[in-house]
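What you are looking at is a predicted structure, and each value in this text was computed from that prediction instead of being measured. Here is how names work: the chains are called A, B, and so on, in the same order as the sequence lines, proteins then strands, and each is numbered from 1. Hydrogens, waters and symmetry mates play no part in the numbers below; they use all other heavy atoms, side chains included.
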Amino acid sequence: MPDLRDRFYITTSIAYANNRPGLHTLYEVIGADALARWYRMCGVPTRFQTGTDEHSVNIAMRAAEEGRSPRDFVDAQVALFRAAEDALFISPDRFIRTTDADHVRAAQEMVRRAHANGDIYPGIYEGWYCPNEGFRNATDVTETAAGTICPNHPDVPLQWLSERNWFFRLSAYQERLERWFEDNPDLVQPDHRRNEMLGFIRGGLEDFSISRPDSGWGIPFPILPDGSGAQLADGSWDPAGGTIYVWYDALINYITGAGFPDDPAAFARWWPADLHVIGKDIARFHTIFWPAMLWSAGLEAPRKVWVHGWLLAQGERMSKSRGNFLEPIDFVAAFGSDGARYVALREAGFDRDSDVSWDVFTRRYNADLANDFGNFVNRTVSMAGRYLGGERPAPRDAAESPLGAAWPAVRDQFVAKLEGCLLHEALAALWEFVGAGNRFVEAEQPWVIARAVKAGEEGAAERMRGVLGDLVEACRLVALAVAPVMPGMAPRVMQQLGHEYAYDADGNGGPAILDELRWGAHAGEAGTLAAAVPLFPRIEVETVLDGEVPEAMGPA
RNA sequence: GGCUGGGUAGCUCAGUUGGCAGAGCAAGCGGCUCAUAAUCGCUAGGUCACAGGUUCGAGUCCUGUCCCAGCUACCA
């Protein structure tokens with residue numbers, strides 16, 4: 001059962017607006033959206049935030065290449081993200097952009113607080129600089145006869161650059177971080193990620209730089225090296241202050257969205273976040289840098305960080321640069337919005353890397369959605385219409401019904417896995433019940449009962465109503481439970497079953513879902529079933545093989 | 001190199017405190033007909049990476065070897 005809090009604040013990491021969205025980046029958003037919808041349906045006031053990270057020299061360069069202003073460039077990128085998220089039924093309460101005015105204020109305020117607390121200081125940042133990629137890690141460069149190069153651009157000699165930057169005193173927080181990890185084993189999950197982070201902390205923490213020279217595209221650093229304010233009399237910012245570098249910009253989005261610093265009441269309500277959902281590549285920044293930054297500002301650290309894995313294609317991480325990504329729009333076109341969400345969350349484990357392919361997604365869609373669940377609803381509605389004239393039969397008491405007796409354990413398992421962020425396992429638990437439903441049909445054979453009814457056998461009609469009532473109820477429960485994952489499907493099923501669907505498009509507004517997920521919750525209410533309409537048309541594999549397959553994801 | 005986690009049926013993976021190797025999908029066969037050629041039942045003979053060891057008995061513990069992945073700080 002969920003820990004019924006007074007509110008739930010959940011975030012995804014913000015996507016780097018340098019590239020168009022791919023399914024591998026939206027995968028995290030789909031998972032977080034499903035969780036957000038679940039808490040909304042539980043009746044917990046929920047705030048779900050996702051968005052885009054829009055500053056960086058890289059983005060300014062990309063914009064310049066296209067002959068546009070950075071602002072025009074990111075606006076166009078953001079439109080692509082929003083369109084893809086709309087297609088996937090993503091329901092953010094706030095889509096935050098790091099170029100938003102309130103975010104700029106939040107980031108600057110965080111810098112001021114760190115400064116006031118003595119946690120930042122001017123220093124020298126130096127290292128090998130690649131004109132294409134910026135500063136390179138010492139372990140990423142190679143010494144050659146021609147000079148020092150980075151592996152991605154062997155023709156471009158690296159330059160040794162020194163910059164005068166501000167540094168954050170992360171080293172001062174080592175003990176507190178270590179204690180924080182030790183005292184809260186559930187804070188960073190899964191466990192192996194937690195262990196990695198803890199090991200990193202124990203290995204010693206260095207300060208990190210948080211400013212860069214002014215590039216014309218970034219949040220102005222609000223303090224000059226001498227400690228005075230960087231804002232000029234006319235309200236503009238002194239370029240000599242430079243800009244805030246990535247982590248004191250991007251990470252801040254989570255508190256901006258909660259109301260920091262403009263709306264103290266909202267901030268008090270929503271912060272600290274209950275759950276940051278992030279990818280494993282940025283675990284360190286979210287579980288080590290971020291808490292320290294918050295503490296420095298006198299704020300609380302997030303309550304939980306969930307680190308998911310990557311989608312892999314033939315063993316390699318999906319990415320734009322590799323070209324082995326999946327276009328979200330193609331994905332939705334093939335599987336539908338609900339189907340796309342389902343197969344992504346069911347096929348890839350939310351706690352680890354998962355190899356996926358167009359083929360396994362298609363198989364999963366056909367097996368789970370078309371055959372198992374879609375057909376289960378279809379045959380149930382069809383039989384109820386044919387044998388009972390469309391009057392919705394009531395389920396029997398759980399004690400008299402195999403399905404009713406099995407349901408509570410299924411539901412509990414589903415809820416436990418879902419709230420534990422093991423979304424794929426939650427769905428698997430639910431689908432066990434779908435299988436039980438189909439087996440129940442075979443065991444009872446309503447078409448045989450129909451003949452008995454026709455022959456006037458005593459008790460046959462009652463048996464028919466009981467069996468079909470159980471089946472209708474099973475359809476209702478599964479459709480409702482899986483609504484956070486397939487929000488478009490649930491109302492369609494309810495309509496066919498003659499039940500009301502009381503939730504808004506984003507999952508708000510309805511009764512507490514746990515009450516609705518009781519066997520027989522609406523047993524006493526009359527209703528009329530609609531005509532059976534297939535929910536998930538089968539996808540013929542031949543169709544997939546023939547065309548419309550993104551090249552990168554098609555059959556090898 | 002160091003640390004961590006893995007290598008189990010064609011594919012994806014479960015395997016609790018050591019006790020006759022499991023599930024789903026795919027494939028083959030059979031049944032049924034309410035249903036989206038769906039569904040239900042049966043079938044799968046996998047040296048549980050490899051080699052040793054402990055034990056009455058090891059996928060499950062110990063040692064060694066091979067292979068894979070992750071982490072080993074400033075990329076968003």
By nearest-nucleotide position on RNA chain B, the 5'-leaning member of Gly203(A) and Ser56(A) is Gly203(A)
When Watson-Crick pairs (N1 to N3 and N6-O4 or O6-N4) and G-U wobble pairs (N1-O2 and O6-N3) count only below 3.5 Å on both distances, what is the dot-bracket string of RNA chain B, with | for other-strand pairs?
(((((((..((((.....[..)))).(((((.......))))).....(((((..]....))))))))))))....
[N] [atom2] sits how many Å from [X] [atom1], rounded?
X: Ile278(A); N: C75(B); atom1: CD1; atom2: P; answer: 17 Å
X: Asp353(A); N: G5(B); atom1: CG; atom2: P; answer: 17 Å
X: Ile449(A); N: C32(B); atom1: CD1; atom2: C1'; answer: 14 Å
X: Met61(A); N: C75(B); atom1: CE; atom2: P; answer: 14 Å
X: Arg364(A); N: A26(B); atom1: CZ; atom2: C1'; answer: 12 Å
X: Arg169(A); N: A73(B); atom1: CZ; atom2: P; answer: 22 Å
X: Tyr342(A); N: G24(B); atom1: OH; atom2: P; answer: 14 Å
X: Gln174(A); N: A73(B); atom1: CD; atom2: C1'; answer: 13 Å

What's the spacing between [X] [atom1] and [Y] [atom2] if we round to 0.5 Å?
X: Ile124(A); Y: Ser209(A); atom1: CD1; atom2: OG; answer: 11.5 Å
X: Glu178(A); Y: Glu175(A); atom1: CD; atom2: CD; answer: 8.0 Å
X: Tyr248(A); Y: Ile120(A); atom1: OH; atom2: CD1; answer: 7.0 Å

Roughly how far apart, to the nearest Å, are [N] and [M] at atom [atom1]?
N: U4(B); M: A37(B); atom1: C1'; answer: 49 Å
N: G19(B); M: G64(B); atom1: P; answer: 25 Å
N: G28(B); M: U33(B); atom1: P; answer: 23 Å
N: C62(B); M: G22(B); atom1: P; answer: 25 Å
N: C20(B); M: A51(B); atom1: P; answer: 23 Å
N: C48(B); M: C56(B); atom1: P; answer: 22 Å
N: A69(B); M: U54(B); atom1: C1'; answer: 31 Å
N: A23(B); M: A14(B); atom1: P; answer: 16 Å

Qualifying residues under side-chain contact (heavy atoms from CB on, under 4.5 Å), relative to [X], sequence neighbours excluded:
X: Ser56(A); value: Tyr16(A), Asn58(A), Ile59(A)
X: Ala250(A); value: Ile14(A), Asp53(A), Val246(A)
X: Thr256(A); value: Arg94(A), Ile96(A), Asp102(A), His103(A), Ala106(A), Ile252(A)

How about Trp358(A) and Phe335(A): are their ring centres within less than 6.0 Å of each other?
yes
Are Phe208(A) and Trp247(A) an aromatic pair by the rule of ring centers under 6.0 Å?
no
Is the shortest distance from a Lys or Arg side-chain nitrogen in Asp281(A) or Arg317(A) to a carboxylate oxygen in the other one below 4.0 Å?
yes
Are Arg193(A) and Glu196(A) within salt-bridge range, i.e. N to O under 4.0 Å?
yes
So do the side chains of Pro393(A) and Leu529(A) get within less than 4.5 Å of each other, counting heavy atoms only?
yes
Using a heavy-atom cut-off of under 4.0 Å over every strand shown, decide if [X] touches base, sugar-phosphate, or nothing.
X: Asp207(A); answer: base
X: Leu205(A); answer: base
X: Gly309(A); answer: nothing

Heavy atoms within less than 4.0 Å of RNA chain B: which residues of residues 192-202 of chain A have one? Give them sorted by number.
Arg193(A), Glu196(A), Phe200(A)
Which residue, Arg463(A), Arg465(A), Arg396(A), Arg476(A), forms the salt bridge (Lys or Arg N to Asp or Glu O under 4.0 Å) with Asp470(A)?
Arg396(A)
Whether each nucleotide of nucleotides 33-44 of chain B has a protein heavy atom under 4.0 Å at its base (B), only at its sugar-phosphate (S) or at neither (-) is summarised, 5' to 3', as SBBB-SBSS---
Testing Leu423(A), Leu430(A), Leu427(A) for side-chain contact (heavy atoms from CB on, under 4.5 Å) with Leu418(A), which one passes?
Leu423(A)
